[in-house]
Amino acid sequence: MLVALGLWGCGEAAQTASGEQSIDNWLPLDGEGAWTWRDDGADTAPDERTLLHGRDMGQGRIEIRRGARWADADIVGGLRFSTADGLELRAMDLAGRNLGGRPRLLAPALVEEGAVVSDGSWRCDVTIDEEIDTFYALFDRTLVSTCEGNQLPGGTWVFAEGMGLVAIISGSTTLDLVAPW
């Protein structure tokens, strides 16, 4: 797997006296974020025509397109998050998988190592600063939410501090960051 060499300076994360950090540190939804992922599961150079480009369209909505460039790529899905009361996945249309029913909480509003969110048969365990290797880079400032339950979006959701969503492993759906633009 190729790993880019470099350092992402995100500054100090906003923390409370108890060491808790705001969820906004992990998924900045400012209407300006952009990501390029691959979903083929390979670690070789990606085929540009199959890349997934995500763009923060505002109000927590991330539009996802497939193709070599955002401008002429086809819309293939999207995600919608809210960070008002924690990290909540409000909508998902990705790789033919749709979030049915009510939104799912992936992490609390103030996160710390070992945090847990649950609702009936739904549970997410949160770890912080787990080292995660993506096609783009090795991240050590991460929030990893590992979710279990009988409904989507079970699996592992990885957010890098100041950058947002860098990886998903959920059933047959895999996203791996190729570039933060």
Side-chain angles (χ1 to χ4, degrees), residues 3-4 6-39 51-65 69-71 73 75-94 99 103-115 117 124-147 153 155-170 173-181:
V3 177
L7 192 57
W8 280 92
C10 298
E12 285 297 310
Q15 291 186 342
T16 66
S18 67
E20 296 172 325
Q21 298 178 39
S22 169
I23 195 64
D24 294 322
N25 294 340
W26 306 101
L27 184 61
L29 294 172
D30 55 12
E32 297 182 15
W35 307 265
T36 302
W37 302 286
R38 67 185 310 162
D39 65 347
L51 292 175
L52 293 170
H53 301 275
R55 184 163 292 171
D56 181 355
M57 306 303 284
Q59 300 178 331
R61 188 172 69 91
I62 298 172
E63 184 174 295
I64 300 175
R65 298 180 181 193
R69 300 179 326 132
W70 169 267
I75 297 173
V76 294
L79 300 165
R80 196 174 87 221
F81 292 98
S82 172
T83 57
D85 297 314
L87 177 57
E88 184 177 61
L89 180 62
R90 298 184 76 55
M92 175 177 159
D93 178 12
L94 186 61
L99 180 65
R104 293 288 177 199
L105 192 61
L106 301 178
L110 293 174
V111 293
E112 63 184 338
E113 179 64 33
V117 294
C124 295
D125 295 292
V126 178
T127 58
I128 297 176
D129 296 340
E130 186 175 331
E131 197 170 85
I132 301 294
D133 191 12
T134 68
F135 184 82
Y136 176 71
L138 179 68
F139 293 97
D140 60 2
R141 297 287 302 153
T142 61
L143 178 146
V144 178
S145 185
T146 304
C147 303
T156 302
W157 295 71
V158 181
F159 301 86
E161 184 177 42
M163 188 174 297
L165 184 63
V166 297
I168 299 173
I169 302 167
S170 177
T173 303
T174 301
L175 290 186
D176 186 23
L177 188 71
V178 172
W181 57 79

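Along the sequence shown, residues are numbered consecutively beginning with 1. All values below were derived from every heavy atom in this structure, side-chain atoms included, with hydrogens, water molecules and symmetry-related copies excluded.
Scanning all heavy atoms of the two residues, the minimum distance from Cys147 to Ser145 falls at SG-OG, 3.5 Å. Nearest approach of Leu138 to Glu131, heavy atoms of both residues: CD1-CG, 3.5 Å. The minimum heavy-atom distance linking Pro28 with Gly162 is given by the pair CG-O, 3.6 Å. Summarising the geometry of Ile23 relative to Pro108, their closest heavy-atom pair is CB-O, 3.8 Å, with the distance given to 0.1 Å. Asp56 and Gly58 make their closest contact through OD1-N, 2.9 Å (heavy atoms, listed as atom of the first residue, atom of the second, distance). The two residues Ala179 and Tyr136 come nearest to each other via the heavy atoms CA-CD1, 3.9 Å.
To the nearest 0.5 Å, atoms CG (Asn25) and CG (Leu143) are separated by 10.0 Å. In this structure, CH2 in Trp37 is found 8.0 Å from CG in Leu94, a value given to the nearest 0.5 Å. Going from atom CZ of Arg38 over to atom OG1 of Thr174 covers 11.0 Å, rounded to the nearest 0.5 Å. For the atom pair OG1 (Thr156) and CD (Glu130), the distance works out to 8.0 Å, reported to the nearest 0.5 Å. One distance of note links CE of Met163 with OG1 of Thr142; it measures 12.0 Å at 0.5 Å rounding. A distance of 5.0 Å separates OG1 of Thr36 from NE2 of His53, quoted to the nearest 0.5 Å.
Contact annotation: the side chain of Glu113 approaches that of Thr127 to within less than 4.5 Å [non-hydrogen atoms, C-beta and beyond]. Contact check for Arg61 versus Glu63: side-chain heavy atoms found under the 4.5 Å cut-off. At least one side-chain heavy atom of Ile62 sits under 4.5 Å from a side-chain heavy atom of Trp35. Residues Leu165 and Phe159 meet the side-chain proximity criterion, which asks for heavy atoms closer than 4.5 Å. Looking at Trp26 and Thr83, their side chains never come closer than 4.5 Å, going by heavy atoms from C-beta outward. Leu106 has its side chain within reach of Phe81: a pair of non-hydrogen atoms, C-beta onward, lies under 4.5 Å apart.
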Pair Val117-Val126, side-chain contact (heavy atoms from CB on, under 4.5 Å): steps then yes or no: CA-CA 8 Å; Val117 294; Val126 178; 5.5 Å; no
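In this structure, the salt bridge (charged side-chain N to carboxylate O under 4.0 Å, His left out) partners of Asp39, at least two apart in sequence or on a different chain, are Arg66.
When each of Val166, Val158, Thr134, Ile168 is checked for a side chain to side chain contact (heavy atoms under 4.5 Å, CB included) with Leu175, only Ile168 meets the rule.
A donor-acceptor pair under 3.5 Å is absent between the side-chain atoms of Arg90 and the main chain of Arg80, judged by distance alone.
Within a 6.0 Å sphere centred on CG of Asp85, other residues, nucleotides and ligands contribute 12 heavy atoms or fewer.
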